[in-house]
Amino acid sequence: MQALTNELTAYYRTLPGNFAEAVADTPYAKIYEKIDTRMTADEAAHPGTPAVLLKARLHERIADLFEPVLFRHSPFYFEMGIKPAMNWGTPWSPMPGSWLFVKRYPRFWAGEPAAEAELKLRQQLRLDTHPGPADFDHHYFPYSRVLAVGLEGLLHAAEAELPACRDAGGRAFIEAAIISLRAVMRIADKFAAHARALLADEADPDARRCLERVAITAGEVPRRPARTFYEGLAALWFLREVCGGIEALGASVIGHPDRMLIGLYRDDLAAGRLTRAEAEDLVARWLLPTDCKFDLAHNAWPETSTTLMLGGCDGDGHPVFNEITEMMIEQHHRLKLVNPKLNCRYGKNSPAAYLQLIADKVLAGHNVFALLNDDALIPANVKAGKRVEDCRHYGAGGCQETIVEGVEHSAGAYYYFNLPRLLNCVVNPDAALLPLAALYQAGPEKLAAIPDFEAFYGRVAEWLRFFIRHGVETRRRCGVRWPEINPAPFFSAALADCLKQHRDYTAGGGRYNPSGISLCGLGTLVDSLVAVKALCFDERWLSLPELAQALRDNWAGHEALRARAIALPKFGHGDAAVDALAARLTRDLAEMPRGMTNERGGPVQLSFFVYYEYVSSGAATLATPDGRRNGELFSQGVSPGRLQPADAITPAVNSLRQIDFSDYPGNAVLDLQLPLGRLNRDALTALIRTAGGAGIPTLQFNCVSIEQLREAQAHPERHPDLTVRISGLSARFTALGKEVQDEIIGRNLFV
């Protein structure tokens, strides 16, 4: 295994680390130059060629020009050498697959200068965060379908649709899908040929075994369905990397192997083709590449956007926990990996042994898990209008944003809305916010005229609705150009219903076409509303204008008032009145985007998946009525805030029990920092069961010793493998910047 680790590391260190870097002498930059010359000439010679056909021809060019990279001690084939090491397909740097995107990205704003200015202003003021009008990231490739029918099966399905095409646009899409599928099969053939060439001079027995497997398999899988456990694993890596590389979209999820491959594994055992030890070796080699790509030991923010789904249930609703689940978790822990991120689904019917296995690893400090609750997330997605048999195959994108595999792209982690910043607009705007008010022709609130808390709450809700709906509409106006900027005929050919509808997924060809808004700072907003109600209306400590002045002063000179605000009941502490207000607010928020559509004609679905926005958006947000000062962080996900530390888990769970998360199909995450060495397996599994029964969609644990973290800050060389959960990612603690380290050390410790 060390030989493979060395091989992977040596190769990926030859590439630039930052996926936004453009380095002229890299293999992918040289290919890009050739493609740019040829594709630009083709486009000029055939003006008016549909974008989806241009993209398919780009795939042909890539298949012609790329040179396969095989690692001698790996039986898997996936590295095309066409993107930077730390890139899973996102198109922001000039690489072969992003040629069309780079050329056409400005078209998003064509004819919409006001919309472009609005989105930029909102982002600048941190009212919301969205890197563009469409989501080029966080995709879940439709592995199940390709594993079942192979690329040839998709090709036959596409060819059968050609006679049914009734318009030029539909025909162009089907023709593009056919071209792209054939190009990908040629890509696989080149891996097989390269393996045969390398075998001529290979003497190492282990390397020969690996190369022989590639030489035999790459030309066959995923051209046809996988027939063995090894072929299934190989297909997952190949499809993930090729899709990200040629489509220039972030292919985040690497599959759900214990659901997808268990039949193949058991058939292999029964036929004598495989032993458990051989399978464990395959799993270990399959898990290795991501950490090597992203240089975990030195990476201060190792966002790999590589998630691995495990557990949960199958399409019939039966629990998934089997030998593959065990091997994936055990090998991940044995190798001290951080990635792929382990997104483990569970539910009330999950076997005790499954939760105990996870608990053991968490309590050992393997802080890499997100636990997604089937009993909350499947019903929420069904309520959003999706078939239950589809929803049982949900996964999570680059972090925990939900995507139903094979039938949708949910765009669930691309638009973050800053709830506490809205309070700044209402209560304590500063000069920086004046352009926003001018944009929407909105005058400042007449705070003295607000007679009671109900009226104040009504004004906040009205502003929330206004800003959320404007954000959705502005993104939609620009995002409708997505199909002419970066269509994805290969991805779309595998996505259910695109071939039948003769439409790329970017044009709404998928079965479902949702997009998400991630709401940040829930606890901070609830606590602030509680403070306004108590200080200004119930106890009448001061008027709303006087509170606004204290906030503009950043609480300076108002220390006693701030202490009173901090001492008030807080969200996540089990206070009935606060919980009722949180439940009311989340009901109202869920109604705000109802009836709105996105750029693909689909609905908007909400989440409380917040990544690290609770820090970054907090840094740009002024003081809030809960006692928070300018720039301080927000509450994290649906966790309690830190102004009044909550150290007990039960009140936090009971508070969340009052919220109806079935209105939030995009997910909601409760982060809990636990004391290392203070809990046992039974207590932790009981907590997981309790949280699941309370309807909490997702749990994340960071099981740490604060003393060890401080020691690692002072002596990083003594703790090279110390791993912590940050938000939607984990990292080596000693590689993080001090600000992030301090933020983790300062979290509430639940006991």
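Phe229 has its side chain within reach of Ile324: a pair of non-hydrogen atoms, C-beta onward, lies under 4.5 Å apart. The side-chain heavy atoms of Val253 and Met309, taken from C-beta on, include a pair separated by under 4.5 Å. Between Asn373 and Tyr346 the shortest side-chain heavy-atom distance falls below 4.5 Å. Side-chain atoms of Leu606 and Leu519, non-hydrogen and from C-beta on, do get closer than 4.5 Å to each other. Between Leu236 and Trp286, the closest side-chain pair of non-hydrogen atoms falls below 4.5 Å. Side chains of Thr698 and Leu377 form a contact here, defined as non-hydrogen atoms less than 4.5 Å apart. Inter-residue side-chain proximity for Leu581 and Val530 is flagged as met; some heavy-atom pair is nearer than 4.5 Å. At a threshold of 4.5 Å between non-hydrogen side-chain atoms, the residues Leu310 and Asn343 do not count as touching.
One finds no salt bridge joining Glu280 and Arg334 here, because no Lys/Arg side-chain nitrogen approaches an Asp/Glu carboxylate oxygen to under 4.0 Å. Ion pair Asp663/Lys383 flagged as a salt bridge, since at least one NZ, NE, NH1 or NH2 atom sits closer than 4.0 Å to an Asp/Glu carboxylate oxygen. A salt bridge links Lys336 with Asp721: at least one charged nitrogen is closer than 4.0 Å to a carboxylate oxygen. Salt-bridge annotation for Asp375 and Lys348: present, with a side-chain N of the basic residue lying under 4.0 Å from a carboxylate O of the acidic one. By the 4.0 Å N-to-carboxylate-O rule, Glu323 lies too far from Arg276 to be salt-bridged with it. Between Lys361 and Glu330, at least one side-chain N (NZ, or NE/NH1/NH2) sits under 4.0 Å from a carboxylate O, which counts as a salt bridge.
Ring geometry for Phe321 against Tyr354 counts as tilted: the plane angle lies between 30° and 60°, on a 0 to 90° scale.
Shown here is Arg678, whose CZ atom has no more than 12 heavy atoms of other residues, nucleotides or ligands within 6.0 Å. Summarising the local packing, CD of Glu739 is surrounded by 12 or fewer heavy atoms from other residues, nucleotides or ligands at distances under 6.0 Å. In this structure, Arg710 places its CZ atom where only 12 or fewer heavy-atom neighbours from other residues, nucleotides or ligands lie under 6.0 Å away.
Side chains of Asn322 and Asp258: a donor-acceptor N/O pair is absent below 3.5 angstrom, by distance only. A donor and an acceptor atom, one from each side chain of Thr306 and Arg240, are located under 3.5 Å apart. With hydrogens and angles left out, the side-chain atoms of Ser617 and Arg421 include no donor and acceptor closer than 3.5 Å. Residues Asp128 and Tyr415 have side chains that bring a donor and an acceptor to within less than 3.5 angstrom of each other. A donor atom on one side chain and an acceptor atom on the other are not found under 3.5 Å apart for Gln400 and Asn667. Checking Glu707 against Ser705 by side-chain atom types alone, a donor-acceptor pair falls below 3.5 Å. A donor and an acceptor atom, one from each side chain of Glu401 and Tyr611, are nowhere located under 3.5 Å apart. Side-chain contact, Ser616 with Arg126: a donor N or O sits under 3.5 Å from an acceptor N or O. Using a 3.5 Å distance cut-off with no hydrogens or angles, the side chains of Asn418 and Thr621 do pair a donor with an acceptor. Judged by distance alone, the side chains of Asp742 and Gln713 do bring a donor and an acceptor atom under 3.5 Å apart.
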* Could you walk me through whether Thr524 and Thr624 pass the side-chain contact (heavy atoms from CB on, under 4.5 Å) test, one step at a time? => CA-CA 8 Å; Thr524 299; Thr624 43; 4.0 Å; yes
* Evaluation steps, side-chain contact (heavy atoms from CB on, under 4.5 Å), between Glu405 and Tyr143 -> CA-CA 8 Å; Glu405 189 242 351; Tyr143 299 106; 4.0 Å; yes
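A distance-only check finds a donor-acceptor pair linking the side chain of Asp291 to the backbone of Val338 [under 3.5 Å].
Considering only residues two or more places apart in sequence or on other chains, Asp281 meets the salt bridge (charged side-chain N to carboxylate O under 4.0 Å, His left out) condition with Arg285.
Seen from the ring of Tyr394, Arg345 counts as a face-on cation partner, given the 6.0 Å and 45° thresholds.
Nearest heavy atoms, Pro697 versus Ala376: CA-CB, 3.9 Å. Nearest heavy atoms, Leu363 versus Leu676: O-CD1, 3.2 Å.
Only one option out of Arg725, Lys341, His366, Gln700 pairs with Ser730 in a side chain to side chain donor-acceptor pair (under 3.5 Å); it is Arg725.
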